[in-house]
Amino acid sequence: MIIRSIDAIIRMLDADYIENADIEEKIQGVCIDSRKVVEGNLYIPIHGANNNGHAYVQQAIYNGARAVLWERREANPPKEIVVILVDDTTAALQQLAKAYRDQLNMKVVGVTGSNGKTSTKDILASVLAKHFITQKTLGNYNNEIGVPLTLLSLSENCEAAVVEMGMENLQELSFLTQIVRPDIAIISNVGTAHLENLGTMENIARAKMEITEGLGEHGLLIYNGDQQLLRNAAIEKQIPGCIKIRTFGKDEQNDVVVHQVHQLPDGLCFSIKDQVYHLDMIGKHQAMNATAAWIAARALGLDEEEIAQGFASVEKTGLRNELVRVNQCLILNDSYKSNPQSALAAVDTMEEFDIPYKLAVLGDMLELGETSDMIHYTLGKDISSYHLQEVLTIGDMACYIAQGARDNMEHTLVRHFTDKEELLNYLRPYMHKECMLLVKGSRGMKLDEVVDELVKEQQ
């Protein structure tokens with residue numbers, strides 16, 4: 001984490017200040033939540049949708065804040081600690097992160113994509129840790145506030161960092177990548193996530209390609225070459241010739257091709273460049289994410305043995321393809337996010353398990369725009385090719401998944417639920433039956449609460 005004198009912070013921000021204490025004292029880390037401030041932190045109060053962090057400065061001081069950023073328009077700055085005056089605390093957080101990043105001597109890999117960016121981040125960080133002192137984005141800190149906090153959490157002795165970057169609109173990645181300045185940029189894929197904001201898949205591909213704007217002179221871009229949308233976006237972007245480009249995928253036209261992907265009970269088996277690897281994750285789609293990580297790792301000098309060791313011991317971010325056994329039921333908890341591509345990938349993963357009875361709980365997929373009803377219906381139609389005994393849906397839009405399934409799945413029981421308690425009551429008996437249950441929905445649906453309740457009740 002950032003450790004600098006208050007004076008150095010002031011200079012990094014080119015800010016004015018109120019000297020209520022010694023500016024030669026050092027701050028250790030930053031925090032935007034007054035409840036989580038620890039001794040020595042710089043407290044950065046943010047204007048949120050419902051709260052103004054400035055109102056909680058006294059709690060931050062009580063918890064040990066050593067200095068505070070303060071917007072000039074806010075009245076009554078504290079008198080106990082150094083107050084650093086800025087026009088906008090969010091902009092100052094971003095400026096501080098950029099200045100700190102510029103002072104760090106490490107390799108940084110930026111990862112984005114509609115699906116798979118978190119898994120790619122986790123896989124790559126696991127691999128790089130076999131060779132470097134490595135840190136990565138924690139949780140989903142991948143937006144205009146999360147990315148700066150990630151950078152400011154990096155230690156001075158960190159040698160490699162994997163930074164996840166999300167976006168919802170054009171120009172957002174352009175902004176974030178200028179702060180991160182990655183040496184390597186990875187685009188895992190393009191999907192329908194954020195179609196509501198961006199309108200077309202072409203615009204989503206263009207938005208993802210903005211990550212290249214922060215790449216240095218000798219940077220490396222790695223992207224999913226199976227997707228023509230990304231190939232077109234890369235051509236349209238007119239990426240400078242000094243930046244190397246490497247594509248990955250299943251098609252032979254790619255620079256690096258993944259072959260012979262097999263789901264095993266304890267993970268995935270696949271081959272890259274005639275080398276067989278085992279990945280400590282489930283879901284055949286994870287082999288694509290691992291291939292992107294393989295290219296980045298090789299570019300940073302890791303050998304095949306180090307990569308193999310990293311693949312075999314991935315520290316995974318929660319709520320994504322988690323397997324949880326509750327009595328006789330095996331639950332595949334993939335409740336962090338959902339869109340048609342990731343939902344089909346989850347059902348495809350479940351297909352690989354030799355379990356006689358399978359149920360899929362599918363919730364609303366959010367932010368899909370004006371054609372959301374048809375996209376949900378199409379998902380219900382698309383899952384008809386899988387061996388599911390029951391399709392259970394919940395949410396306002398998920399009723400269209402149910403309709404699509406009913407119209408195309410003759411021998412599958414399809415039921416739609418209006419609330420979680422009704423769904424829980426239906427699922428409880430299945431915990432005592434040999435079966436597999438998929439739980440999949442957008443984060444806003446909070447379907448992880450269903451899994452948590454089922455697990456808790458059986459403990």
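In this text the structure is predicted, and so the values were computed from the model without any measurement.
Of the possible polar contacts, one joining the N339 side chain to the Q341 backbone as a donor-acceptor pair under 3.5 Å is found. A donor-acceptor pair under 3.5 Å is absent between the side-chain atoms of H262 and the main chain of F270, judged by distance alone. Put simply, the side chain of S34 never gets that close to the backbone of Q59: no donor and acceptor are under 3.5 Å apart. In this structure a side-chain-to-backbone donor-acceptor pair under 3.5 Å is present from R231 to G225. Checked by atom type and distance alone, the side chain of E172 pairs as donor or acceptor with a backbone atom of N169 at under 3.5 Å. With E306 contributing its side chain and D303 its backbone, the two residues share a donor-acceptor pair below 3.5 Å. Using a distance-only test at 3.5 Å, with no hydrogens or angles considered, a donor-acceptor pair links the side chain of Q135 to the main chain of S155. Of the possible donor and acceptor atoms, one in the side chain of K420 sits under 3.5 Å from a partner among the backbone N and O of K446. No donor-acceptor pair under 3.5 Å is formed between the side chain of R206 and the backbone N or O of E210. At least one donor-acceptor pair under 3.5 Å links the side chain of N197 to the backbone N or O of E168.
Other residues, nucleotides and ligands contribute more than 12 heavy atoms inside 6.0 Å of the CD atom of Q253. Heavy-atom neighbours of Q228 CD from other residues, nucleotides or ligands within 6.0 Å: above the threshold of 12. Remark: K244 NZ is loosely packed, at most 12 non-hydrogen atoms of other residues, nucleotides or ligands lying under 6.0 Å away. Counting non-hydrogen atoms of other residues, nucleotides and ligands closer than 6.0 Å to CD of E434 gives a total of 12 or fewer. Other residues, nucleotides and ligands contribute at most 12 non-hydrogen atoms within 6.0 Å of the CG atom of L138. No more than 12 heavy atoms of other residues, nucleotides or ligands shown are found within 6.0 angstrom of CD on E315. Other residues, nucleotides and ligands contribute at most 12 non-hydrogen atoms within 6.0 Å of the CG atom of D396. Applying the 6.0 Å contact sphere to NE2 of H387 captures no more than 12 heavy atoms from other residues, nucleotides or ligands.
The CZ atom of R101 sits 12.5 Å away from atom CG of L152, with the distance rounded to the nearest 0.5 Å. Summarising the geometry, atom CG belonging to L220 is positioned 8.0 Å from atom CG belonging to L215; distances are rounded to the nearest 0.5 Å. Taking CE of M436 as the reference point, atom CG of L388 lies at 10.5 Å (rounded to 0.5 Å). Here the CG atom belonging to N189 is positioned 6.0 Å from the CG atom belonging to N224, to the nearest 0.5 angstrom.
For the 3.5 Å distance criterion, the side chains of E144 and T90 fail to qualify, holding no donor opposite an acceptor. With no hydrogens or angles considered, no side-chain donor-acceptor pair links N425 and E422 at under 3.5 Å. At a cut-off of 3.5 Å, with distance as the only test, no side-chain donor of H259 or S271 sits close to an acceptor on the other residue. No side-chain donor from either of Y56 and D33 sits under 3.5 Å from a side-chain acceptor of the other. Side-chain contact check for E390 and Y426: at least one donor-acceptor pair (N or O, by modelled atom type) lies under 3.5 Å.
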Show your reasoning for whether side-chain hydrogen bond (donor to acceptor under 3.5 Å, both in side chains) applies to T118 and E164. CA-CA 7 Å; T118 300; E164 181 179 329; 3.0 Å; yes

Given the rule in the side-chain hydrogen bond (donor to acceptor under 3.5 Å, both in side chains) test, do H416 and Q403 qualify, once you have shown the distances and angles that lead to the verdict? CA-CA 9 Å; H416 182 70; Q403 190 59 53; over 6 Å; no

Test side-chain contact (heavy atoms from CB on, under 4.5 Å) on L437 and L332; report intermediate values, then the result. CA-CA 6 Å; L437 170 66; L332 177 56; over 6 Å; no

Pair H432, Q328 - check side-chain hydrogen bond (donor to acceptor under 3.5 Å, both in side chains), show working. CA-CA 5 Å; H432 304 282; Q328 290 177 273; 5.5 Å; no

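The existence of a salt bridge linking D448 and R443 is confirmed by a sub-4.0 Å separation between a basic side-chain nitrogen and an acidic carboxylate oxygen. The existence of a salt bridge linking E213 and K237 is confirmed by a sub-4.0 Å separation between a basic side-chain nitrogen and an acidic carboxylate oxygen. For the pair K440 and D334, the salt-bridge criterion is met [side-chain N within less than 4.0 Å of a carboxylate O]. Checked for salt-bridge contact, K107 and E159 miss the test: no charged N lies under 4.0 Å from a carboxylate O. Salt bridge annotation for D122-K136: present, with a cationic side-chain nitrogen under 4.0 angstrom from a carboxylate oxygen.
Ring orientation note: the planes of Y357 and Y430 are close to parallel, at an angle under 30° on the 30°/60° scale.
Screening T247, I235, I204, I187 against L230 for a side chain to side chain contact (heavy atoms under 4.5 Å, CB included) leaves a single residue, I187.
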